[in-house]
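Structure first, commentary second.
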Amino acid sequence: MDTAMKICYPVIVVIGVPVNVVAIVILSRGKCGLSKGITRYLVAMTVADLMVVIIEVAFYQIIETYGVYWLQPSLPFCLVHYVLCYVSLDCSVWLTVAFTFDRFVAICWSKIQSKYCTPRIVGWVIGTICIVFCLKNIPYYFLHREIAGNYFKQCHAKWGLHMKSGFEWFYWVDRLLNPLLPFFLILLLNILTVRRILASSRVRRGLRGQRTGEKQQDPEMRSRRQSIILLFTLSASFLLCWATTTLVFIFLRCLYTDLETTIRLWLAQLTGTMIQLFSSCTNTFIYGVTQTKFREQLKSAVLCPIIYLLRW
């Protein structure tokens, strides 16, 4: 497991930083054929993923795995870094929830779609999520301390905090907000969205005479297809990457039996963490697979420097 972690985390950084930066640049140009609201969500999600790769993977997991604690020069830096790790993860997860809910409203609640699914509301939602989770994670600054030695310097939770009811309450709220509630919210919203799409498709086919064998193109369903494919692909990626972490937490808290089970779940938790963090690299590939115009912009971004060098 230690070898796998030493290989996996540097790979996440090497892949995650450039692909997320490229995705941010391409999406920010607004030439991918997506609405302004969807584009803002995707840019915010990609920025959050980039922060996860830099803050959580590069400056925490790699330091822990390779034992290079001298990269954390002081206790304040160490504590602030812990807070930023939680903030980046929470924002990445809840921006995915917000995007899923936005598409759910657009598909299932047409009456309020024009009021909710607007760039202005999207901006407010993104800003609110960032502010709320910055405030929510401030207690982590006071729940850790520095352990210093001759060869390493490291932050850990303060001794005895797990015995205090206040910390237990905060811990459960934290775990509820990430990953339990987001995981099940995304699952539920996608189930409801799929049910709505299937019902609408049956009705529209009946109205357009397709049940009698007449083949007609439905421009409204065709225009929705791009965002629907993007939504379901992003949601499926999130659910798969976070499934192990979520299930391990439930088993550890609800189905604890003996030491052997705990050790196995601990290994599963390490594996789940690697898969979960790898999800910060996948969104750009999802955009490329599901969005034709994004692929075109990506090709242009790759070919332009090459053409320039050849001409030069």
Side-chain angles (χ1 to χ4, degrees), residues 23-24 26-49 51 87-136 173 176-204 207 218-239 242 279 283-284 286-287 290-291 293-294:
I24 292 169
I26 292 175
L27 291 169
S28 298
R29 299 179 65 189
K31 297 182 179 181
C32 295
L34 300 170
S35 68
K36 289 184 178 179
I38 294 177
T39 300
R40 287 189 179 184
Y41 272 123
L42 297 184
V43 171
M45 291 162 60
T46 309
V47 170
D49 287 341
M51 293 300 99
V87 170
S88 60
L89 282 172
D90 285 343
C91 288
S92 176
V93 170
W94 279 95
L95 286 171
T96 305
V97 175
F99 174 70
T100 306
F101 182 74
D102 180 88
R103 294 299 86 202
F104 169 76
V105 170
I107 295 169
C108 301
W109 288 351
S110 56
K111 293 182 179 179
I112 65 171
Q113 175 187 359
S114 59
K115 295 181 180 180
Y116 181 80
C117 302
T118 63
R120 179 174 175 272
I121 297 298
V122 170
W124 278 102
V125 171
I126 293 172
T128 301
I129 288 174
C130 294
I131 293 172
V132 166
F133 286 102
C134 284
L135 296 175
K136 171 254 177 186
V173 170
L176 176 66
L177 292 175
N178 185 12
L180 294 180
L181 186 57
F183 185 88
F184 290 108
L185 275 177
I186 290 176
L187 185 61
L188 175 63
L189 290 172
N190 277 277
I191 290 173
L192 295 175
T193 303
V194 168
R195 188 176 68 173
R196 176 68 176 181
I197 290 172
L198 293 176
S200 299
S201 298
R202 287 195 295 266
V203 172
R204 294 183 69 84
L207 293 175
D218 190 338
E220 182 176 341
M221 293 303 296
R222 188 171 62 250
S223 64
R224 284 187 178 185
R225 187 176 303 155
Q226 189 177 32
S227 62
I228 290 171
I229 292 173
L230 178 62
L231 167 66
F232 289 162
T233 309
L234 288 173
S235 299
S237 173
F238 175 86
L239 293 173
W242 281 82
S279 67
N283 284 354
T284 303
I286 291 173
Y287 304 152
T290 61
Q291 305 297 305
K293 291 187 177 180
F294 183 89

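- In this structure the side chain of Y41 never reaches within 4.5 angstrom of the side chain of L234, judged on heavy atoms.
- Between S114 and T118, the shortest heavy-atom contact is O-CG2, 3.1 Å.
- The two residues K115 and I121 make their nearest non-hydrogen contact at O-CG1, 3.4 Å.
- A distance of 9.0 Å separates OG in S92 from CG in N178, rounded to the nearest 0.5 Å.
- R40 and I126 make their closest contact through O-CD1, 3.6 Å (heavy atoms, listed as atom of the first residue, atom of the second, distance).
- At a threshold of 4.5 Å between non-hydrogen side-chain atoms, the residues V105 and C117 count as touching.
- L177 has its side chain within reach of W94: a pair of non-hydrogen atoms, C-beta onward, lies under 4.5 Å apart.
- Here the closest heavy-atom approach between residue C130 and residue C91 is recorded as CA-SG, 3.9 Å.
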Report task. Would you check, one step at a time, whether the test side chain to side chain contact (heavy atoms under 4.5 Å, CB included) holds for Q113 with W109? Result -> CA-CA 6 Å; Q113 175 187 359; W109 288 351; over 6 Å; no

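- Remark: side-chain polar atoms of S237 are not paired, donor with acceptor, to backbone N or O of T233 under 3.5 angstrom.
- If you take CG on L231 and OG1 on T193, they are separated by 6.0 Å, rounding to the nearest 0.5 Å.
- Nearest heavy-atom pair across K31 and K293 is O-CB, 4.0 Å.
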**Report entry** T290 vs F232, side chain to side chain contact (heavy atoms under 4.5 Å, CB included): CA-CA, chis, key distance, verdict
**Finding:** CA-CA 10 Å; T290 61; F232 289 162; over 6 Å; no

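- Looking at F104 and L185, their side chains never come closer than 4.5 Å, going by heavy atoms from C-beta outward.
- Side chain of D102 to main chain of A98: no donor-acceptor pair is present (N/O by atom type, distance under 3.5 Å, no hydrogens or angles).
- Contact annotation: the side chain of T39 approaches that of V43 to within less than 4.5 Å [non-hydrogen atoms, C-beta and beyond].
- Rounding to the nearest 0.5 Å gives a distance of 10.0 Å between CG of L181 and CD1 of I186.
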Requested in this report: For side chain to side chain contact (heavy atoms under 4.5 Å, CB included), just list the numbers for L27 and Y287, CA-CA rounded to whole Å, side-chain angles, deciding distance to a tenth of an Å, and then say yes or no.
Outcome: CA-CA 10 Å; L27 291 169; Y287 304 152; 3.7 Å; yes

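- Once rounded to the nearest 0.5 Å, the distance linking CG of N283 with CG of D49 reads 5.0 Å.
- Taken to the nearest 0.5 Å, the CG atom of L176 stands 10.5 Å off from the CZ atom of F184.
- Between C108 and R196, the closest side-chain pair of non-hydrogen atoms falls below 4.5 Å.
- Considering CD of Q291 and CD1 of I26, their distance stands at 12.0 Å, rounded to 0.5 Å.
- Of all non-hydrogen atoms in S235 and T100, the two that sit nearest each other are OG-OG1, 3.8 Å.
- For the pair T96 and P182, the minimum side-chain heavy-atom distance is 4.5 Å or more.
- Within the 4.5 Å cutoff, the side chain of V97 has no heavy atoms near those of the F238 side chain.
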Report task. Starting from the C-alpha separation in whole Å, work towards a yes-or-no answer on side chain to side chain contact (heavy atoms under 4.5 Å, CB included) for L89 and V93. Result -> CA-CA 6 Å; L89 282 172; V93 170; 5.5 Å; no

